Number of protein chains: 2
Amino acid sequence: MISKDLSRKESIQRIGSNLFRKHGYTTTSMQDIASEIGIKPASLYNHIKSKHEILVHLLMQGANLFVDGMQEIKSSSLRSIEKLERLIGLHVHLSVEHTDLMALMMVEWRHLENPEREQYAALRENYEANFRNILVQAMQEGDIREIDTEIALFSILTTLQRFYSWYDKHSDLNSLDLEKHLIQCLLGGIRV
Amino acid sequence: MISKDLSRKESIQRIGSNLFRKHGYTTTSMQDIASEIGIKPASLYNHIKSKHEILVHLLMQGANLFVDGMQEIKSSSLRSIEKLERLIGLHVHLSVEHTDLMALMMVEWRHLENPEREQYAALRENYEANFRNILVQAMQEGDIREIDTEIALFSILTTLQRFYSWYDKHSDLNSLDLEKHLIQCLLGGIRV
DNA sequence: GCATAAAACTAACGATCATTAGTTAGACTT
DNA sequence: AAGTCTAACTAATGATCGTTAGTTTTATGC
């Protein structure tokens with residue numbers, strides 16, 4: 001039965017993303033995942049091909065969330081400085097809604113092997129390049145002070161990429177307030 | 001002979017830190033470390049007690065670098081804003097001189113078990129608390145704009161903590177220039 | 001050169017783990 | 001009720017790995 005198989009497969013992936021995040025990919029055993037569901041490890045293979053497949057699927061799913069979000073913002077007709085604000089909002093939103101996925105994307109992608117590894121790296125670099133373009137353009141439009149582009153990009157991206165871990169300890173806070181404060185902190189400083 | 005034992009032990013630790021950093025703690029085998037040195041895995045145990053001991057030693061070593069650095073800056077008679085600049089310099093310096101250690105401290109501490117885990121966490125939290133104090137004090141001294149302390153602290157600390165990975169791709173750049181740019185980027189924005 | 005200790009080696013153990021093969025129970029279709 | 005398919009189970013395999021025991025080689029001090 002298709003629908004039941006899908007939901008079981010999805011629950012394997014959801015539980016996998018949570019355990020991978022909490023204990024790391026290699027440290028998490030199929031036993032761990034299975035017992036969390038309440039079945040035997042061998043039974044997992046009725047739904048998935050391998051442990052590695054779970055990781056690959058989760059990472060690609062996460063990457064696509066960023067690809068889609070970037071595409072929408074990039075192709076909008078906003079000023080570049082506003083695009084930057086939207087990008088911050090995207091990261092906050094994804095960190096809040098997909099915390100486990102974000103953690104995996106930062107930490108566990110090293111377990112990818114080619115060709116997935118290169119594919120993932122390409123998506124990441126593409127995202128970074130788009131981010132850089134928007135930052136540079138905001139500078140050219142005069143909305144941002146003249147600073148070292150690479151360092152500023154690194155600082156902003158790193159803060160956004162690790163935001164999920166900070167949010168973990170402050171998940172009582174309002175998502176919109178967080179976005180506002182983050183915009184003020186990351187852009188307020190470099191705005192002209 | 002003591003001195004030769006020490007240097008072999010130290011080389012195990014140095015190679016361990018490099019491999020742990022490149023491939024992760026669990027993925028790195030004693031075989032990997034041994035063959036990098038040119039001996040058999042079992043021979044490692046003439047110099048160390050366990051694989052885990054290597055990790056613990058490296059993490060504590062790294063943590064102490066920060067404890068010492070913080071102690072010196074904290075007890076100086078500088079203005080708080082200058083202390084912040086010194087802290088940025090400390091991170092740049094440690095990232096450049098101990099890149100592998102910095103990577104381990106960010107990623108592999110999760111493999112610690114109690115009591116080392118709590119001990120490490122305590123050092124980290126203590127460092128963070130000192131950083132927060134200096135930031136708040138700089139605000140009270142009027143050298144920094146009124147912004148959300150927690151978000152600003154998170155943003156600055158995260159950027160500094162991950163700087164090692166950025167430096168990895170830009171290791172041709174002058175350490176002093178990097179420090180200057182980072183100060184401008186992290187503090188220039190929030191300065192009054 | 002001889003004694004001693006450090007540090008290498010070989011061999012093996014025990015545990016864990018991802019995965020496969022083969023089997024059984026249960027649910028839905030006809 | 002019979003037949004079919006899904007998804008669970010048991011059992012086993014092969015591989016890896018950290019570590020230990022016991023032995024041999026190498027280097028050092030006298």
Side-chain angles (χ1 to χ4, degrees), chain A residues 1-59 104 107-114 116-117, chain B residues 1-59 104 107-114 116-117:
Chain A
M1 191 202 271
I2 301 261
S3 76
K4 193 164 185 194
D5 178 56
L6 270 186
S7 86
R8 174 58 41 116
K9 184 169 188 173
E10 279 170 346
S11 84
I12 290 174
Q13 282 158 353
R14 210 193 57 249
I15 287 174
S17 74
N18 187 249
L19 292 181
F20 290 168
R21 186 265 171 90
K22 282 197 295 193
H23 308 121
Y25 172 70
T26 37
T27 313
T28 301
S29 63
M30 298 304 269
Q31 175 68 249
D32 293 335
I33 299 178
S35 76
E36 188 89 358
I37 301 182
I39 61 178
K40 300 289 173 183
S43 305
L44 293 171
Y45 293 85
N46 284 319
H47 307 281
I48 54 149
K49 240 176 59 198
S50 67
K51 180 187 181 185
H52 199 249
E53 188 205 48
I54 303 178
L55 181 66
V56 172
H57 177 268
L58 290 171
L59 288 177
L104 288 196
V107 178
E108 306 294 351
W109 65 271
R110 54 153 99 225
H111 296 110
L112 288 181
E113 288 152 23
N114 281 334
E116 285 92 357
R117 195 187 179 94
Chain B
M1 189 202 266
I2 300 266
S3 78
K4 193 164 187 195
D5 177 55
L6 270 187
S7 87
R8 173 63 35 120
K9 184 169 187 174
E10 279 170 348
S11 85
I12 291 174
Q13 282 157 353
R14 211 193 57 249
I15 288 175
S17 75
N18 187 249
L19 293 181
F20 289 168
R21 187 265 174 91
K22 281 196 295 195
H23 307 121
Y25 173 69
T26 38
T27 313
T28 301
S29 64
M30 299 303 271
Q31 174 68 251
D32 294 334
I33 298 177
S35 76
E36 189 88 358
I37 301 183
I39 62 178
K40 300 290 173 181
S43 305
L44 294 171
Y45 291 85
N46 284 317
H47 307 280
I48 53 151
K49 240 176 60 198
S50 67
K51 180 187 182 187
H52 198 248
E53 189 205 47
I54 303 177
L55 181 66
V56 171
H57 177 268
L58 290 170
L59 288 177
L104 288 196
V107 178
E108 307 293 353
W109 65 273
R110 53 154 96 229
H111 296 109
L112 289 181
E113 289 152 22
N114 282 334
E116 285 91 359
R117 194 186 179 96

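Just so we're on the same page: letters track the sequence lines, and every chain starts at 1. Note that the coordinates shown come from a computational prediction; the quantities given were computed from them, not determined experimentally.
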_Side chains of Ile37(B) and Leu44(B) in contact at under 4.5 Å (non-hydrogen atoms)_ = yes
*Between Tyr25(B) and His111(B), what is the ring plane arrangement, given parallel below 30°, perpendicular above 60°, and tilted in between?*
tilted
*Looking only at side-chain N and O atoms, does Lys51(B) come under 4.0 Å of OP1 or OP2 in dG18(D)?*
yes
*Using only side-chain N and O atoms of His47(B), determine if any of them is under 4.0 Å from OP1 or OP2 of dA6(C).*
no
*asked:* Without decimals, in angstroms, what is the distance between Gln31(B) CD and dT16(D) P?
replied: 10 Å
*Heavy atoms, side chains only, cut-off 4.5 Å: are Ile33(A) and Lys51(A) in contact?*
no
*Nucleotide dC9(C), atom C1' - distance to CD1 of Ile37(B) in whole Å*: 15 Å
*Can a donor-acceptor pair be found between the side chains of Ser43(A) and Asn46(A) at a distance below 3.5 Å?*
no
*Return the value, rounded to whole Å, for the distance between atom CD1 of Ile48(A) and atom C1' of dA7(D).*
14 Å
*Can you check whether Arg8(A) has a side-chain N or O nearer than 4.0 Å to OP1 or OP2 of dA8(D)?*
yes
*Would you kindly give the CD1-to-P distance between Ile39(B) and dT25(D), to the nearest whole Å?*
18 Å
_d(OH, Tyr45(A); C1', dC9(D)) in whole Å_ = 15 Å
*Report which part of the nucleic acid Ser29(B) touches: base, sugar-phosphate, or nothing (heavy-atom distance under 4.0 Å, all strands).*
sugar-phosphate
*Checking only heavy atoms, does the side chain of Asn46(B) share a donor-acceptor pair with the base of dA6(C) at less than 3.5 Å?*
no
*Return the value, rounded to whole Å, for the distance between atom NZ of Lys40(B) and atom C1' of dC9(C).*
8 Å
*Take atom CD1 of Ile12(A) and atom P of dT19(C), then tell me their distance rounded to the nearest Å.*
12 Å
*Report which part of the nucleic acid Thr28(A) touches: base, sugar-phosphate, or nothing (heavy-atom distance under 4.0 Å, all strands).*
sugar-phosphate
*OP1 or OP2 of dC9(D) under 4.0 Å from side-chain N/O of Ser43(A)*: yes
*asked:* Given 3.5 Å as the limit, does a donor-acceptor pair link the side chain of Thr28(A) with the main chain of Leu19(A), or not?
replied: yes
*Between dA8(C) (P) and Met30(B) (CE): distance, integer Å*: 13 Å
_Upstream residue (5' side of DNA chain C) when Ala42(A) and Asp32(A) are each assigned their closest nucleotide_ = Asp32(A)
